[in-house]
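Labels below follow one simple rule: chain letters A, B, ... track the order of the sequence lines, proteins then strands, and each chain is numbered from 1.
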Amino acid sequence: MINEDKLFSFGADLKTYNPDDLIFSEGEVPGFFFLISKGKVKLNNYNEEGKEFIQGILSPGHSIGLSSLFTEKTYPLNAVAIEESEIIRLPKSQFLKFLKQHPESYFTTIQCLSEHMHYKFLMMQSMAFQNPAQKLLTLMNYLKDHHHDQSEDALQILLTRKQLASLTGLSVETVIRVIKNMEKQGILKIKNRKIFY
DNA sequence: GCATTAACAGCTA
DNA sequence: TAGCTGTTAATGC
């Protein structure tokens, strides 16, 4: 993980966002490196009918829109806080200087980018070819892998049905039906509406 | 506000 | 045509 104190010495500041606050939006020119210190952020798009597709949900330690910093392109999606969040911001030019002076951070940066690409590849093939149950399993397997919790116990999925639907492109009703089916098959458990996988 | 259920319509194997 | 998924609406939490 990138050292936060060093970022501050390069001129970073800490900004607080409330739920639904926009961090950046589609079409903007990337000007900052963002690192989540506290809270959660979603990356989304809306289709022509206004239906939301969530590209990913980021938690503390993750950087937002990192890949766009290394292109000359505008952001392809919106970044929106979904909890009260604290985010470290460092102007792009300063971030590039920072990387030059701290080459070991390059490695971390590439790791982050690769991790994100891995998620994208997993989800993309799942979204393209698989049935709803497989899409949800792909997503939940990913969540489970990254919640490097020591235990083999069931992980509570801290996402609403609506969020699961937006992450997979399914309708909420289908998510509910599929999840209930998986409970019947013993794949997961539901305890007062909470999903344990 | 989110979750659930049911009735219905459209698609497709 | 049977099964699956999305839409809509009503209802519960």
Side-chain angles (χ1 to χ4, degrees), chain A residues 14-28 34 36-65 75-87 116-149 151-197:
Chain A
L14 191 67
K15 198 171 168 187
T16 304
Y17 294 86
N18 293 314
D20 290 332
D21 278 357
L22 212 55
I23 295 147
F24 58 71
S25 59
E26 196 173 343
E28 274 180 30
F34 295 97
I36 304 175
S37 173
K38 196 184 129 206
K40 278 191 179 138
V41 173
K42 69 178 173 185
L43 302 173
N44 71 7
N45 294 107
Y46 291 92
N47 72 5
E48 318 76 49
E49 285 126 38
K51 186 177 169 186
E52 179 187 27
F53 181 75
I54 300 180
Q55 298 270 1
I57 293 182
L58 305 175
S59 45
H62 287 122
S63 167
I64 314 164
Y75 284 120
L77 38 63
N78 311 295
V80 186
I82 51 177
E83 291 175 2
E84 189 183 313
S85 304
E86 286 172 8
I87 295 166
H116 190 238
M117 283 182 75
H118 179 71
Y119 170 78
K120 284 282 136 197
F121 286 139
L122 278 179
M123 288 307 289
M124 204 181 296
Q125 76 86 23
S126 190
M127 305 280 313
F129 297 126
Q130 299 190 321
N131 59 41
Q134 282 302 319
K135 289 183 188 177
L136 287 166
L137 283 173
T138 302
L139 179 60
M140 291 193 298
N141 282 330
Y142 180 85
L143 292 175
K144 190 151 182 144
D145 275 355
H146 288 73
H147 203 280
H148 24 70
D149 208 271
S151 64
E152 279 295 311
D153 289 349
L155 166 72
Q156 182 181 349
I157 305 295
L158 294 169
L159 297 169
T160 65
R161 271 40 165 197
K162 201 176 179 172
Q163 286 172 327
L164 289 172
S166 294
L167 281 159
T168 50
L170 301 168
S171 73
V172 184
E173 288 73 12
T174 297
V175 171
I176 289 168
R177 285 193 279 238
V178 170
I179 295 286
K180 273 178 73 179
N181 248 318
M182 289 198 244
E183 190 194 22
K184 253 186 223 165
Q185 295 168 34
I187 298 171
L188 48 75
K189 285 187 178 141
I190 303 174
K191 277 184 213 159
N192 44 37
R193 296 181 165 203
K194 297 287 174 197
I195 302 165
F196 295 87
Y197 174 64

query: Of all residues at least two apart in sequence or in a different chain, which pass the side chain to side chain contact (heavy atoms under 4.5 Å, CB included) check with A:Leu158?
result: A:Gln156
message: Could you work out, with ring pair (Phe, Tyr, Trp, His ring centres under 6.0 Å) as the rule, every residue matching A:Tyr75, not counting sequence neighbours?
response: A:Phe24
- request: Tell me, please, which residues at least two apart from A:Arg177 pass side chain to side chain contact (heavy atoms under 4.5 Å, CB included).
  value: A:Glu173, A:Thr174
field: Between A:Glu28 and A:Ser25: side-chain donor-acceptor atoms closer than 3.5 Å
entry: yes
Do any side-chain atoms of residues 184-197 of chain A form donor-acceptor pairs under 3.5 angstrom with protein atoms, and if so which ones, sequence neighbours left out?
| unit_1 | atom_1 | unit_2 | atom_2 | d |
| --- | --- | --- | --- | --- |
| A:Tyr197 | OH | A:Asn141 | OD1 | 2.5 |

- request: Could you tell me which residues satisfy ring pair (Phe, Tyr, Trp, His ring centres under 6.0 Å) with A:Tyr142, sequence neighbours excluded, listed by chain and number?
  value: A:Tyr119, A:His146
message: Suppose we screen for side chain to side chain donor-acceptor pair (under 3.5 Å). Which residues come up paired with A:Glu86, at least two apart in sequence or across chains?
response: none
message: Do A:Ile57 and A:Lys40 have side chains that approach each other closer than 4.5 Å (heavy atoms only, starting at C-beta)?
response: yes
- prompt: Once you round to the nearest 0.5 Å, how far does CG of A:Asp21 lie from CD1 of A:Ile82?
  reply: 12.5 Å
- request: Quickly work out the A:Ile82 CD1 to B:dC2 C1' distance and round it to whole Å.
  value: 15 Å
task: Please tell me if the side chains of A:Leu139 and A:Ile157 come closer than 4.5 Å, counting only heavy atoms from C-beta onward.
output: no
- line: Applied to residues 46-63 of chain A, the side-chain hydrogen bond (donor to acceptor under 3.5 Å, both in side chains) test, sequence neighbours excluded, yields A:Lys42-A:Glu52, A:Asn44-A:Tyr46, A:Asn44-A:Glu52, A:Asn45-A:Gln55, A:Gln55-A:Lys120, A:Ser59-A:His62
Dump every N/O contact between nucleotides 10-13 of chain B and the protein below 3.5 Å, one line per pair.
none

Close approaches to DNA chain C from residues 179-197 of chain A, in residue order (heavy atom, under 4.0 Å): A:Arg193
- request: For DNA chain C, note the earliest and the latest nucleotide, 5' to 3', having some atom under 4.0 Å of a heavy atom belonging to chain A.
  value: C:dT5 to C:dC13
message: Please give me every residue in residues 164-176 of chain A whose heavy atoms get under 4.0 Å of an atom in DNA chain C, ordered by residue number.
response: A:Leu170, A:Ser171, A:Glu173, A:Thr174
Contacts table for residues 129-136 of chain A: side-chain donor-acceptor under 3.5 angstrom, sequence neighbours left out:
| unit_1 | atom_1 | unit_2 | atom_2 | d |
| --- | --- | --- | --- | --- |
| A:Gln130 | OE1 | A:Ser126 | OG | 3.0 |
| A:Asn131 | OD1 | A:Ala133 | N | 3.2 |
| A:Asn131 | OD1 | A:Gln134 | N | 2.8 |

